[in-house]
Amino acid sequence: MRPRKSGDVRMGAIGTAYSRIYAVVRRIPRGTVATYGEVAAKAGYPHAPRLAGYALYALPEGTPLPWHRVVGAGGRLSLARLSPDGALTQRMRLEREGLKFDARGRVVTGRLKSLRASKKKSS
DNA sequence: ATCATGACTCCGA
DNA sequence: ATCGGAGCCATGA
């Protein structure tokens, strides 16, 4: 089930899936956003976008990780489903880094545009 | 070991 | 545009 938000965090030792995802999130350039799929893929799980979301969900409140740079596909703030308030914080932080949002609350960046172009059915 | 769940994504209707 | 179902992975009980 859901990991505890605080207390027993055994991710101190690197090598776990969470640590890998966190490492990727941490290396997201400022003023840039990455999708859960991107983060998971770079962490070593190209087909487990849920892991990215799951790992971020386990993040403590005072996490130094730039979790706000992680958005859903197309720049959507999936966080809004779980915590609307948190989504506002994320949006505020991203705007502070120079990112823009459209009327629907989607992030507008030149990086996500290439994401949609690679979609295609296999064989 | 198994079962259920999730800040996801994709595809079809 | 919205709605629903299927697939994938690791974690906790």
Side-chain angles (χ1 to χ4, degrees):
Chain A
M1 299 298 216
R2 317 130 88 225
R4 303 181 178 205
K5 303 176 103 179
S6 59
D8 182 32
V9 184
R10 59 174 62 197
M11 56 186 89
I14 48 182
T16 58
Y18 283 26
S19 296
R20 289 178 121 146
I21 293 171
Y22 294 155
V24 175
V25 175
R26 193 174 295 139
R27 84 174 182 71
I28 297 176
R30 182 178 169 285
T32 315
V33 292
T35 64
Y36 293 92
E38 282 282 298
V39 173
K42 288 175 184 178
Y45 307 95
H47 289 287
R50 299 197 140 211
L51 279 188
Y54 204 57
L56 292 179
Y57 177 72
L59 282 172
E61 294 184 13
T63 178
L65 284 171
W67 58 269
H68 54 271
R69 290 181 192 150
V70 183
V71 299
R76 296 192 339 265
L77 299 182
S78 298
L79 175 61
R81 288 198 184 207
L82 178 74
S83 185
D85 184 62
L88 290 180
T89 300
Q90 180 175 19
R91 176 170 166 177
M92 181 181 68
R93 289 194 185 203
L94 291 176
E95 287 184 325
R96 190 182 64 186
E97 295 191 356
L99 293 171
K100 300 164 192 153
F101 286 76
D102 64 0
R104 293 189 208 68
R106 294 190 307 180
V107 184
V108 181
T109 70
R111 206 164 205 248
L112 293 171
K113 70 183 188 214
S114 53
L115 280 167
R116 323 184 121 252
S118 68
K119 78 172 329 182
K120 181 200 178 282
K121 87 194 275 186
S122 52
S123 11

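The sequence lines fix the lettering, A, B, ..., with proteins before strands; numbering per chain opens at 1.
Atom CG of A/L56 and atom OH of A/Y36 lie 6.0 Å apart (nearest 0.5 Å).
In this structure, the nucleotide among B/dA7, C/dC9, C/dT11 sitting nearest to the side chain of A/S78 is B/dA7. Comparing B/dA7, C/dC9, B/dT5 against the side chain of A/Q90 picks out B/dA7 as the nearest. Here the side chain of A/T35 is nearest to one of B/dT9, B/dA7, B/dG6, namely B/dT9. Closest to the A/P49 side chain, of the nucleotides C/dT11, B/dT9, B/dA7, is B/dT9. Considering only side-chain atoms of A/R76, the nucleotide from B/dG6, B/dT9, C/dC9 that sits closest is B/dT9. Considering only side-chain atoms of A/A73, the nucleotide from B/dC10, C/dC9, C/dT11 that sits closest is B/dC10.
Between A/Y22 and A/Y18, the ring planes are perpendicular. Angles over 60° get that label, and only those under 30° would be called parallel.
Counting all heavy atoms, side chain and backbone alike, A/A40 lies closest to A/A48 at CB-O, 3.4 Å.
Within residues 79-86 of chain A, the residues approached by DNA chain B to less than 4.0 Å at the level of any non-hydrogen atom are A/L79, A/L82, in residue-number order.
A/R93 has its CZ atom 15 Å from the C1' atom of B/dA7, to the nearest Å. Across the protein-nucleic acid pair, A/L51 atom CG and B/dT9 atom P stand 13 Å apart, rounded to whole Å. Per the geometry, CZ belonging to A/R91 stands 18 Å off C1' belonging to B/dA7, to the nearest Å.
Side-chain atoms of A/R20 never come within 3.5 Å of backbone atoms of A/A17 as a donor-acceptor pair (strictly under, hydrogens ignored).
Put simply, the side chain of A/Y36 and the base of B/dA7 share a donor and an acceptor less than 3.5 Å apart.
Among residues at least two apart or in separate chains, salt bridge (charged side-chain N to carboxylate O under 4.0 Å, His left out) pairs with a member in residues 77-95 of chain A are A/R91-A/E95.
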